[in-house]
Amino acid sequence: MIRALTRDRRAVTSAALIAAAAVLLGAAGLVAGGSGNARAAGDAVVLDEGELVFTPRLADGELELQIDDRSSGTTVVREPSQVVLHAPASSLQYTADPVATALGTTNMDSWQLNGWEAENIFAPEPGWNGSAAGGDTEVTLSGYEGPGDFGLALYTREMDNANAPATAYLGSAASVQRTFTLPREEERLLPIWQFTAEGVYRLTFTVTSGGSSDTETLAVVVGDDVDPSTVLPGDGSTPTASPTDSPTGSATVSPSPTAPAAHVIAEGHVDLAARPADGDLEFQIKEGSELNHKWYEPGQVVMHVRPAAKRKIPQGYDFLGTPGDAVWWLPLQQNAGIVWPGWNTTEFARADLDGRVSFRLDSVQGPGNIAMFHSNVMGVPDVSLNSGDGLPDAHTLGAGTHSHFDWVFSAEGVYRTTFTVSATLADGTKVSDKETIAWVVGDDTDPSTVAPGEGDEPTATPTATPTATPSESASQTPTATASPSVSASDSPSASAPATDPGSGSSGTSGSSSAGGSGSSGTAATGGLASTGAQVGVIAGIAVTALLMGGGAVLVVRRRRTAQ
């Protein structure tokens, strides 16, 4: 969500995918068309992206509630009882207190359609049109089933800036009315649709105008634990559905006989860490919190970037690609349901080192590019790593540091990132460790079938030609362009201890804790860091307000997630 920088707010985010429809369900005066939506059980159409308008309209003198599906560029009229609406995992986002108050629900993160993340995620945008009913229409939530609460409320950025309360239209909570009036002059009412839990909902709406009425039941699948294509539309019974992904925790699946066993990490807190080891340095992966964690060699792990990380490239972030195109975004702040990678040098004391620890990205193999960055005080991306403009790239951290950044992958598939981690010990000894980490982005590839480490894909090629041959010698540690250093005591971006993996909550957000700045490295060729684009803040973007789930290293904001 977008929150003013001065008001200590934040935004969460996540993404789902769809094409537009090709079925004519009939309606006078509207164009039949579309290009083939996914089909659900009972031959229903799954609607999980694009503009949808719930329209009470007169047909042969009788009122009918229909959906004008505009997701394909033309208008296709559909019956609510013949579609399944899907609020994908990426619709999980921050719940503004006024919305929670108005709807009598939780102020923890909730799944929202038309929330403030709408422009950054792939999700439906359902609105209401009162102009086709011949008069004002009374809309009633006359029936309700679901695993959590549901409600419609209006809360805009202007209302937030004015400290105005949210307007509740209707909701399932006992304290909220179940009827609102849709004016005849209203052609595009866009309230926030809030759902407080994942699962299957059945919303029965009754619309009444001029003595005529119609009742329709809409099936809604919230989150990605249930495959919407297995759900019967309308008020039909819901068959038992196998989750499309592991619902909680690290998704460790039985590997195929042809692949080495790997520990798959798909959710929760992870640190890429430099550790002292008998006068040397080890590069390892730490999964879990400070008090409850396990250590793994990079060659034992496959990192899974779930489909919930899919987002749109925002305006001003052209270095990632064309604004509006899809990327897979792991934000600086922790989002429930996706992995949260950070960096860690906390096992080194300052007295142990002469200088800083260098994390150098030597090569990336895979179907796209990888970028890692955060936004500076002006909201301009400060890029540490970018495989799209040449490698190697490096960033450095002081001893005793724990930091998080935004990570972005440009395409689905298998990536392999090779890092050289190096430092100089206090006695002058040069130490280093070189390891390769395997990543699976999206669900096109089963991560349990992917070999960890360097792998053996014959077609895996670097995503960018290195501008320099990475040195294998620890004595040639790259010197990165320094950014202003911060400390835990004086920086609003200092992070708190991590939370347990899979808990869905995090400590305060920021680039780093004690030990120095979250990033001091720049891309070797200067491409990403030299854009100088004026942008908003992601997870929070700052166009004086925060936009998306990552990139906000400027202020400490609350992070609240459902338990």
Side-chain angles (χ1 to χ4, degrees), residues 1-13 51 53-54 87 91-121 123-131 136-141 148-196 314 333 379 509 536-549 552 554-562:
M1 298 184 65
I2 300 178
R3 311 291 294 175
L5 284 173
T6 57
R7 301 191 57 197
D8 189 31
R9 308 288 179 87
R10 43 114 11 244
V12 178
T13 86
E51 182 178 333
V53 184
F54 286 73
S91 64
L92 178 67
Q93 57 195 267
Y94 173 80
T95 303
D97 287 335
V99 173
T101 299
L103 294 178
T105 58
T106 177
N107 61 5
M108 298 298 179
D109 291 355
S110 61
W111 290 261
Q112 299 167 40
L113 302 178
N114 300 330
W116 287 354
E117 284 292 292
E119 63 188 83
N120 298 318
I121 63 175
E125 301 171 18
W128 292 84
N129 175 17
S131 65
D136 292 350
T137 304
E138 183 179 82
V139 180
T140 301
L141 182 65
D149 284 319
F150 158 75
L152 300 180
L154 185 66
Y155 191 62
T156 65
R157 299 170 191 173
E158 293 74 18
M159 295 168 72
D160 180 60
N161 291 335
N163 291 319
T167 300
Y169 288 108
L170 53 77
S172 63
S175 60
V176 183
Q177 74 276 3
R178 293 207 171 196
T179 297
F180 76 95
T181 299
L182 180 62
R184 65 180 301 173
E185 62 270 14
E186 181 62 71
E187 295 185 356
R188 186 71 171 138
L189 177 67
L190 279 173
I192 296 171
W193 294 52
Q194 184 200 34
F195 303 87
T196 64
Q333 293 172 308
S509 67
V537 176
I538 293 189
I541 299 176
V543 188
T544 72
L546 302 179
L547 273 190
M548 278 178 59
L554 318 177
V555 292
V556 175
R557 293 160 296 167
R558 289 179 301 156
R559 170 75 179 123
R560 299 177 303 182
T561 53

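Everything quoted here is computed from the prediction, not taken from an experiment. Values below: all heavy atoms of this structure, side chains included; hydrogens, waters and symmetry mates excluded.
Remark: Ser172 engages Asp149 in a side chain to side chain donor-acceptor pair (under 3.5 Å) (not counting sequence neighbours). With sequence neighbours excluded, the residues forming a ring-ring contact (aromatic ring centres under 6.0 Å, His included) with Phe195 are Phe150, Tyr201, listed by chain and number.
Listed here is the closest heavy atom pair of Asp136 and Arg184: OD1-N, 2.9 Å. Considering all non-hydrogen atoms of both residues, Ala153 and Val99 come closest at CB-CG1, 4.5 Å. Closest approach of Ser175 and Gly104 over heavy atoms only: OG-CA, 3.9 Å. Contact detail for Gln112 and Thr95: the closest heavy-atom pair is NE2-OG1, 3.4 Å. Taking every heavy atom of both residues into account, Ala173 and Leu103 meet most closely at CB-O, 3.4 Å. The shortest non-hydrogen separation linking Leu190 to Pro126 is CD2-O, 3.7 Å.
With Thr140 contributing its side chain and Thr179 its backbone, the two residues share no donor-acceptor pair below 3.5 Å. Remark: side-chain polar atoms of Asp160 are not paired, donor with acceptor, to backbone N or O of Tyr155 under 3.5 angstrom. Remark: side-chain polar atoms of Gln177 are paired, donor with acceptor, to backbone N or O of Tyr169 under 3.5 angstrom. The backbone N or O of Arg188 sits nowhere less than 3.5 Å from a side-chain atom of Asn129 that would complete a donor-acceptor pair.
Side-chain polar atoms of Gln194 and Ser110 form a donor-acceptor pair below 3.5 angstrom.
With a 4.5 Å cut-off on side-chain heavy atoms, Gln93 and Ile121 count as touching. Looking only at side-chain heavy atoms (C-beta outward), Thr167 and Phe180 stay at 4.5 Å or farther from each other. Side chains of Trp128 and Val53 form no contact here, defined as non-hydrogen atoms less than 4.5 Å apart.
The OG atom of Ser131 sits 8.5 Å away from atom CG of Leu182, with the distance rounded to the nearest 0.5 Å. Separation of atoms CG (Leu152) and CG (Leu170) is listed at 4.5 Å; rounding is to 0.5 Å.
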